Amino acid sequence: MHKPLLVAVAEVAAARQRNKMGSINIVIKELYERKSRLLTALIIIILGIGVIVGIRTMTHFSEKAVARELDSLGANVLILPKSATISDYYTADLVGEELPEAYVDKIMTSDLQGVDNLSPKLTFPVTIDEEDVYLTGILPLNEFNSKPLWQTAGTIFSLPEGCGSISVPISDNTTSTRNRTIDSLTPNEVLVGSEVASRLNLFVDSPLTIEGEEFTVTAILPQTGTVDDGRIFAHLHTVQRLFDKGPVVNVIEMVGCCSELSKGLLVDGLNKLLPDAKVVTIGQIVSTQQNTNNMMSNFSVISLIIVVLIGGISIANYMFANIHERRKEIGALLAIGATPGKICAIFLIKAAILGLVGGIIGYFVGTLLAVTLGPRIAQVPVLPLPSLFGYSVLISIFITTLSSLIPAIRAARMDPADILREI
Amino acid sequence: MIKVENLSKKYRLKGKDIFALREVDFTIEDGEFVIIVGPSGSGKSTLLLTLGGLIHPTSGKVILNGRSIYELSVKERAELRKTSLGFIFQTFNLIPYLTSLENVQVPLYLAGKSPVEQKNIATHLLTKVGLGDRLEHKPAESSVGQQQRVALARALANNPAILLADEPTGSLDPALSEELLSWLVTLQKEGHTIVMVTHNRDAVRYATRSMTLIEGSVSETGQIVS
């Protein structure tokens, strides 16, 4: 029958220490000699660390999945004029009311957390070749960042940095290479929605007259199934000039990020920052998606507390029992010249070794649990998270060493008279 | 030289003061083999551990080579035990998971000897006590007599001037007791000072001097003709 892995490892470690003497050697030999108790103590640590790593890994990938979903939704916060009322979230820029474009800078220069992208818009109805369409002024780069579906146009723009964009889905034939600088959308260039292009028979480089001014079609946007398909997009400042407007917009669309948004911190912050504006959010969608993550995150914290308490108490208990069992040994060591500090060190080294081994194995156990159970529990694919390795080892060593501190001090303060006279 | 001056040790047990040692005075010259005999509970072990710097006396002094050891720090007393004192116990107190060689290496490690020195000295001492072929045996794999010899080798590891033996024959049969006592005589002749406490009066014939301890007081001393 094969030996358990831990026993085999302990055996090799003990063999390597043969005829070597030192505090670490003494600890390793003692651990090897009392294998069953070593296993019991290690299992407690491994399970504790494994649970923390497992939950944390699942939470991480669940959060990323939610963030990715938020990215795909595009703008999730609208900043509108105070008096505006909207019936459709996705046509909020047709309200006719206006607010200062300067609000964009105000938000960008504030210390608000969770602002991922801002996309100001100014929209006017126009008639082209007897067809009614909407001309929307945009800041092209900002607009693109708030429109994941446009990313499938691929060769036009670069990928945005979404709040959780670990793998923004893009179609097979696209690349993330920036072929041209979006900021270079000139005053006479427009982007045309697919439905408008079809109705007006427009192609790339087609000439187009809007409000008496000549434009060139720079790109036909991919079909999105939204109102954008029926629009023509020009630079915001071009539209402002064309309609003789100052630096104003109808709406500022925002991609708000994750926890700040779900907790309402972002909306509260915006309301304080822009008291003259109305802030509308897809709150319910965001909060529902975030609830699972919050629950798992809280569960992770609760687990950590439980592990620290139960694991710590178990290790302390194990250490107290170990010290009682080894009191003759402690007495002998004191008699042959060991200082109390040396006795204390022997037990703390033992605790640190337990923590180190428990942390390493616990990380792998937790990762294995997360990878195998994660897809069922969190409904997301879960991969190993190497960044947790160092944390799990450090937390493990911290817990074992801290919980062994009092027993170790007690061992160091044992009265040799009590130990040696009872023998 | 060991000089004990007015040494008392009092324990408090269930609200009562129990005197383990009462104003004990004696001097042991270098190279003596002194056996202190007395019945159980007479304070023998307390006296020996106090001589070894392990029990702080209630009053009085223990002076080793001119130094009052309880005026030293804990660390200095540990250093003293490492370099000048060797202990032998009735139940040997060997570390159960270490081999004979490793048990003897421990005090050498504590004294800061290099691994090579540790191994050489430990091997030499174990060979000297007749255990050269049992270096890798653990206490549980050794007989009682062998364990006591390992304990003796460990006590001698740092070549201490003084050996303190607490009932070292208590767990041994008569033949092994005689063997150990002969070892102690040999060591005394090599220049070690030996202080042994025992309840076995027969052992005193091996000593150069004996004392009797009754209820914490030294009641008689006698010069033994070896």
Side-chain angles (χ1 to χ4, degrees), chain A residues 7 10-11 13-38 322-323 325-347 349-350 409 411-423, chain B residues 9 11 20 44-46 48-50 52-56 73-75 77-99 101-111 113 115 118-119 122-123 135-136 138 151 154-155 157-158 160 164 166-167 170:
Chain A
V7 174
E11 204 167 72
R16 287 176 67 88
Q17 305 303 319
R18 184 164 293 153
N19 295 339
K20 288 183 185 172
M21 195 42 59
S23 300
I24 294 175
N25 312 76
I26 290 173
V27 169
I28 290 175
K29 285 169 200 289
E30 195 267 336
L31 284 169
Y32 173 67
E33 187 71 14
R34 298 177 172 120
K35 290 185 280 284
S36 60
R37 277 164 235 180
L38 162 69
N322 188 244
I323 285 161
E325 186 180 32
R326 296 170 69 186
R327 63 195 186 287
K328 280 171 70 175
E329 189 187 316
I330 294 167
L333 285 171
L334 287 169
I336 61 179
T339 56
K342 180 70 78 181
I343 302 290
C344 188
I346 286 173
F347 285 96
I349 288 170
K350 176 176 177 168
I409 290 170
R413 288 183 179 171
M414 276 179 128
D415 188 349
D418 290 340
I419 307 166
L420 296 170
R421 282 188 309 135
E422 74 181 40
I423 295 163
Chain B
K9 177 66 187 175
Y11 294 108
K44 301 188 299 294
S45 293
T46 301
L48 197 82
L49 295 174
T50 310
L54 287 165
I55 298 180
H56 214 287
S73 67
V74 171
K75 205 171 175 181
R77 275 204 300 280
E79 189 64 31
L80 186 75
R81 283 195 295 277
K82 247 186 301 196
T83 54
S84 305
L85 298 173
F87 279 90
I88 308 172
F89 301 98
Q90 180 181 350
T91 50
F92 325 129
N93 288 3
L94 297 175
I95 298 175
Y97 47 84
L98 300 183
T99 63
L101 186 67
E102 290 163 347
N103 262 292
V104 182
Q105 279 181 268
V106 173
L108 294 161
Y109 152 68
L110 292 173
K113 297 277 196 298
Q118 290 171 26
K119 195 170 179 183
T123 305
L135 301 178
E136 298 300 328
K138 290 180 182 170
R154 184 179 67 181
N158 288 316
L164 301 173
D166 187 1
E167 295 275 14

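All chains are named by letter (A, B, ...) in the order of the sequence lines, taking the proteins before the strands, and each is independently numbered beginning at 1. As the structure is a computational prediction, the values presented were derived from the model and not from experiment.
Interface remark: B:R77 contributes no atoms to any contact with chain A (heavy atom separation under 4.5 Å).
By number of non-hydrogen pairs under 4.5 angstrom with chain B, the leading residue of A:G337, A:A332, A:A338 is A:G337. Chain A forms the most heavy-atom pairs under 4.5 Å with one residue out of B:V74, B:V106, B:L48, and that residue is B:V106.
Going from atom OH of B:Y97 over to atom CG of A:L31 covers 9.0 Å, rounded to the nearest 0.5 Å. The distance from atom OG1 of B:T99 to atom NZ of A:K29, rounded to the nearest 0.5 Å, is 6.5 Å. Of the inter-residue distances, the one linking A:I26 atom CD1 with B:Q105 atom CD reads 10.0 Å to the nearest 0.5 angstrom. Once rounded to the nearest 0.5 Å, the distance linking CG of B:L110 with OG1 of A:T339 reads 8.0 Å. Between B:I95 atom CD1 and A:K328 atom NZ the span is 11.5 Å, to the nearest 0.5 Å. Interatomic distance, CD of B:E102 versus CG of A:N25, reported as 8.5 Å (0.5 Å rounding).
A pairwise comparison of heavy atoms in A:A335 and B:F87 identifies O-CD1, 3.2 Å as the closest pair. Contact between A:I336 and B:K82 at its shortest, heavy atoms only, is O-CG, 3.7 Å.
In this structure, B:Y109 contributes its side chain and A:S23 its backbone to a donor-acceptor pair below 3.5 Å.
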